[in-house]
Amino acid sequence: MKYDVVVIGSGPGGYPAALRACELGLKVALIEKDAFLGGTCLNVGCIPSKTLLHFTELYAHFPYDLCGETKGTLDFAMLQKRKEKVICDIRSQLQTLFKGHHIDTIHGRAEIISPHHVRVNGQEIEVRSIILATGSEPIALPFLPFDEKQVVSSTGGLALEKVPESMIVIGAGVIGIELASVYARLKSKVTIIELAASICGGIDSSLQKGLLTELKKQGIEFHLSSRLLSGKVEEGKITVQIQTSQELKLQAEVVLVAVGRRPLTKNLGLEQVGVNLDPSGHVAVNSTFQSSVPSIYAIGDLIDGPMLAHRASLEGVAVAEIIAGKKVSVEYMSLPSVIYTYPEAASCGMTEEEIKKTGRPYKASISFLKANPRAYASQETDGFVKVIVDSKTAVLLGVHILAPHASELISIAMVAIHERMTASELGKLPFPHPTLSEAIKEACLMV
Ligand code: NAI
């Protein structure tokens, strides 16, 4: 078999790469080791977690007091079934898309045996260019290995058969916070242990503080600046020992380990063909996603940068265009990030801490949801919009939102930052009234 492009991995990096390469007239095969297309994002990541987050949020915030009813319970088995249906429906949409494009989909484990040859299911494929899009995997703790029942990664955490009475979450990053929210809303007693002094490292400190306050109000307990000393798994319970201001023993029915993910570079044959990794274990690439072997490209979680599905998709499209001979580059400045908690936390551009480090003069303003009529009408007034601009040019440098639907609101900032708009240019636009988006307008007009 001979192809122009072989894409390895069918996640949000790999499948757009395959589709774009095909649209550009290249003969494409896509190899996926799992039984289903879609990768981590569709099968055990973004999509299932957003389904659980959406319905548990409705459950937790439904104003039963207005309906004169007492609060019912949520059928967790039904919710899990709904989540599976969502995944299955999107899988079949993807399959249809692939069939329509006449892309050869091969299920099997791919191994690169030369710069122009890939082996899968015992067959050798000759190829001009290879795109590696194998993504990442959860990092395990040596003394608490995953059994995906009692000690779970995000994969097991999304597939629990029942709501545990208690859950310890190790790591207050995005995965830890999102899954903690799901189970806290379902009345699990959730305790988060975090090594650092703040949650969600890397986001603007105003969001870190605001989100921590909100999550505590929802009953989640936090041990920050806490080192995990040991973990012991017994039938029905797990005991962990932590060092905070003192030594503490904590017990729970389930432990979720969410201490980060690492690029999936194992068993691909990278070493034998001479693909170099960088010191953090990512595939080292140049600005055109080309590895140390010119015919082999890598994108998404495999290369250095934020592990975000939409970033992988941008890179997937870009690398296909590069292979097809187009001159393209990916613009990362306006890449948004979202934490799907309640309220949601979303960012675009630089954080205040990053700007301070550059020494660039800046101004910041905050518009609180308490002053936003729509937020008031729906009684969702916890949150804010923070806008940061260059103090000389007034060009927007960063927008940070803690609000319901921040995941949707942030796209306004994405466009404005991409277009290098000033705060007053954005603030003068006719935002609809009454909407939460007016908090962005207000923050822009105040800065
Ligand atoms: P993370 O890197 O976001 O957070 C891991 C946290 O664990 C850090 O705060 C770290 O200080 C802490 N930690 C590490 N070792 C520890 C220990 N021994 N004890 C206590 N705390 C410890 O990693 P996470 O949450 O696993 O997510 C992995 C990747 O997936 C991230 O890059 C994330 O951005 C991405 N992701 C993005 C989502 C989104 O955009 N909504 C959703 C889910 C994942």
Side-chain angles (χ1 to χ4, degrees), residues 11-13 39-54 135-146 151-158 168-182 191-203 205 207-208 211-212 215 221-231 240-244 248 250 255-264 280-282 300-314 335-348 401-402 406-408 410 414:
T40 300
C41 173
L42 171 57
N43 297 290
V44 289
C46 320
I47 301 301
S49 64
K50 264 75 263 178
T51 309
L52 296 185
L53 280 158
H54 175 75
S136 59
E137 62 180 354
I139 296 173
L141 292 172
F143 48 86
L144 278 175
F146 298 125
V151 181
V152 296
S153 67
S154 50
T155 303
L158 290 166
I168 290 173
V169 176
I170 302 172
V174 189
I175 292 179
I177 295 289
E178 289 186 354
L179 278 174
S181 295
V182 166
T191 308
I192 302 189
I193 299 163
E194 167 58 53
L195 200 55
S198 51
I199 66 168
C200 301
I203 63 171
S205 64
L207 290 184
Q208 291 176 337
L211 192 53
L212 181 63
L215 294 170
E221 199 180 311
F222 285 85
H223 292 284
L224 302 179
S225 308
S226 299
R227 182 170 295 279
L228 194 65
L229 300 174
S230 65
V240 299
Q241 211 172 355
I242 61 167
Q243 177 73 55
T244 88
L248 278 183
L250 305 170
V255 171
L256 168 74
V257 178
V259 296
R261 297 178 64 89
R262 72 167 131 249
L264 247 177
S280 59
H282 295 91
D301 288 6
L302 265 187
I303 63 173
D304 196 19
M307 288 183 168
L308 297 170
H310 47 289
R311 169 199 160 211
S313 299
L314 272 183
L335 193 77
S337 67
V338 179
I339 307 174
Y340 295 82
T341 40
Y342 184 86
E344 292 178 340
S347 287
C348 191
I401 305 177
L402 185 71
S407 55
E408 305 293 344
I410 200 66
M414 176 193 67

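None of these values were measured; they are calculated from a predicted model. Atoms within each ligand, like the ligands themselves, are counted from 1 in listed order.
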Undergrad: Verify, without hydrogens or angle tests, whether Arg311 (side chain) and Pro306 (backbone) share a donor-acceptor contact under 3.5 angstrom.
TA: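 Yes, Arg311 side chain to Pro306 backbone: donor-acceptor pair under 3.5 Å.
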Undergrad: Please could you name the atoms of ligand 1 that Leu308 approaches to less than 4.0 Å, counting only its heavy atoms?
TA: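 So the atoms of ligand 1 that pass are 40 (O).
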Undergrad: Taking the side chain from Ser49 and the backbone from Ile47, do they hold a donor-acceptor pair closer than 3.5 Å?
TA: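 Absent.
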Undergrad: Between the main-chain N or O of Tyr340 and the side-chain N or O of Glu178, is there a donor-acceptor pair closer than 3.5 Å?
TA: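 Confirmed, Glu178 side chain pairs with Tyr340 backbone.
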Undergrad: Distance check, rounded to the nearest 0.5 Å: Leu248 atom CG versus Ile242 atom CD1?
TA: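 Leu248 atom CG to Ile242 atom CD1 measures 5.0 Å (nearest 0.5 Å).
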Undergrad: List the closest protein heavy-atom neighbour of atom 5 (C) of ligand 1: residue, atom name, distance to the nearest 0.1 Å.
TA: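 Among all protein heavy atoms, the one nearest atom 5 (C) of ligand 1 is Ala258 O, 3.4 Å.
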Undergrad: Among all protein heavy atoms, pick the one closest to atom 11 (O) of ligand 1 and tell me residue, atom and distance.
TA: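 For atom 11 (O) of ligand 1, the nearest protein heavy atom comes out as Glu194 OE2, 2.6 Å.
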Undergrad: Starting from atom 7 (O) of ligand 1, what is the nearest protein heavy atom, named by residue and atom, and what distance separates them?
TA: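 Result for atom 7 (O) of ligand 1: Gly171 CA, 3.3 Å.
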Undergrad: Please check whether Ser226 reaches ligand 1 - meaning an N/O of the residue sits under 3.5 Å from an N/O of the ligand, judged on distance alone.
TA: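 Looking only at distances, the answer is no, because the N/O contact criterion of under 3.5 Å is not met.
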Undergrad: When you compare the side chain of Ile192 with that of Ile199, does any pair of heavy atoms fall below 4.5 Å?
TA: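 When only atoms from C-beta onward are counted, Ile192 and Ile199 do not touch, as no gap falls below 4.5 Å.
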Undergrad: So, does Pro306 sit close enough to ligand 1 that a heavy atom of it is under 4.0 Å from the ligand?
TA: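 It does not; every heavy atom stays at 4.0 Å or beyond.
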Undergrad: So if I apply the side chain to side chain contact (heavy atoms under 4.5 Å, CB included) rule between Thr40 and each of Met307, Glu137, Arg261, which one comes out positive?
TA: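 Among the candidates, only Arg261 passes.
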Undergrad: Please confirm whether Leu195 comes within less than 3.5 Å of ligand 1 when only nitrogen or oxygen atoms on both sides are compared.
TA: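 Yes, since at least one N or O of Leu195 sits under 3.5 Å from an N or O of ligand 1.
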Undergrad: Going by side chain to side chain donor-acceptor pair (under 3.5 Å), name the residues that satisfy it together with Ser407, two or more places apart in sequence or in a different chain.
TA: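 In terms of side chain to side chain donor-acceptor pair (under 3.5 Å), with neighbours along the sequence ignored, Ser407 is linked to Glu344.
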Undergrad: Tell me: protein heavy atom nearest atom 1 (P) of ligand 1, and distance?
TA: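 It is Gly173 CA, 4.1 Å.
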Undergrad: Using a 4.0 Å cutoff against the non-hydrogen atoms of Tyr340, which atoms of ligand 1 qualify?
TA: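 By the 4.0 Å cutoff, the relevant atoms are 41 (N).
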Undergrad: Within the structure, does Gly260 bring an N/O atom to less than 3.5 angstrom of an N/O atom in ligand 1?
TA: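 Checking ligand 1 against Gly260, an N or O pair does fall under 3.5 Å apart.
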Undergrad: For the CD1 atom of Ile170 and the CD atom of Glu194, what is their distance to the nearest 0.5 Å?
TA: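 Taking CD1 in Ile170 and CD in Glu194, the distance rounds to 11.0 Å.
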Undergrad: Short N/O distance, under 3.5 Å, between Val338 and ligand 1?
TA: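 For ligand 1, there is an N or O atom that lies under 3.5 Å from one belonging to Val338.
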Undergrad: Just by distance, do the side chain of Ser313 and the backbone of Pro12 share a donor-acceptor pair under 3.5 Å?
TA: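 Yes; judged by distance alone, with no hydrogens or angles, the pair exists.
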Undergrad: To check your reading of the model: name the closest protein heavy atom to atom 18 (N) of ligand 1, its residue, and the distance in Å.
TA: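 Among all protein heavy atoms, the one nearest atom 18 (N) of ligand 1 is Leu141 CD2, 4.1 Å.
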Undergrad: Name the closest protein heavy atom to atom 14 (C) of ligand 1, giving the residue it belongs to and the distance to 0.1 Å.
TA: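 Scanning the protein heavy atoms, the shortest distance from atom 14 (C) of ligand 1 goes to Val259 CB, 3.5 Å.
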Undergrad: Could you measure the distance from the OG atom of Ser230 to the CG atom of Leu228? Nearest 0.5 Å is fine.
TA: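 Output value for this atom pair is 7.0 Å.
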Undergrad: Closest non-hydrogen protein atom to atom 28 (C) of ligand 1, residue and atom name please, with distance?
TA: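 Protein heavy atom at minimum distance: Arg261 CG, 3.5 Å.
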Undergrad: Just jot down the ligand 1 atoms closer than 4.0 angstrom to any heavy atom of Ile193, in number order.
TA: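 Result: 20 (C), 21 (N).
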Undergrad: Purely on distance, is any nitrogen or oxygen of Ile175 under 3.5 Å from one on ligand 1?
TA: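 Such a contact does occur with ligand 1.
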Undergrad: Ignoring hydrogens, just give me the one of Leu229, Leu179, Val174 whose non-hydrogen atom is nearest atom 38 (C) of ligand 1.
TA: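 Comparing heavy atoms across Leu229, Leu179, Val174, the nearest one to atom 38 (C) of ligand 1 lies in Val174.
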Undergrad: In terms of heavy-atom contacts, does CD of Glu221 have more than 12 from other residues, nucleotides or ligands at under 6.0 Å?
TA: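 Yes - once you tally the heavy atoms of other residues, nucleotides and ligands closer than 6.0 Å, there are more than 12.
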Undergrad: Look only at the side chain of His282 and the backbone of Gly305, and say whether a donor-acceptor pair between them is shorter than 3.5 Å.
TA: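 Absent.
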Undergrad: Just to be sure I'm reading this right: ignoring hydrogens, which of Arg262, Arg227, Met307 gets closest to atom 32 (O) of ligand 1? Compare them by their nearest heavy atoms.
TA: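 Nearest heavy atom to atom 32 (O) of ligand 1 lies in Met307.
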Undergrad: How far is atom 19 (N) of ligand 1 from its nearest protein heavy atom, and which residue and atom is that?
TA: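 Protein heavy atom with the smallest distance to atom 19 (N) of ligand 1: Ile170 CG2, 3.5 Å.
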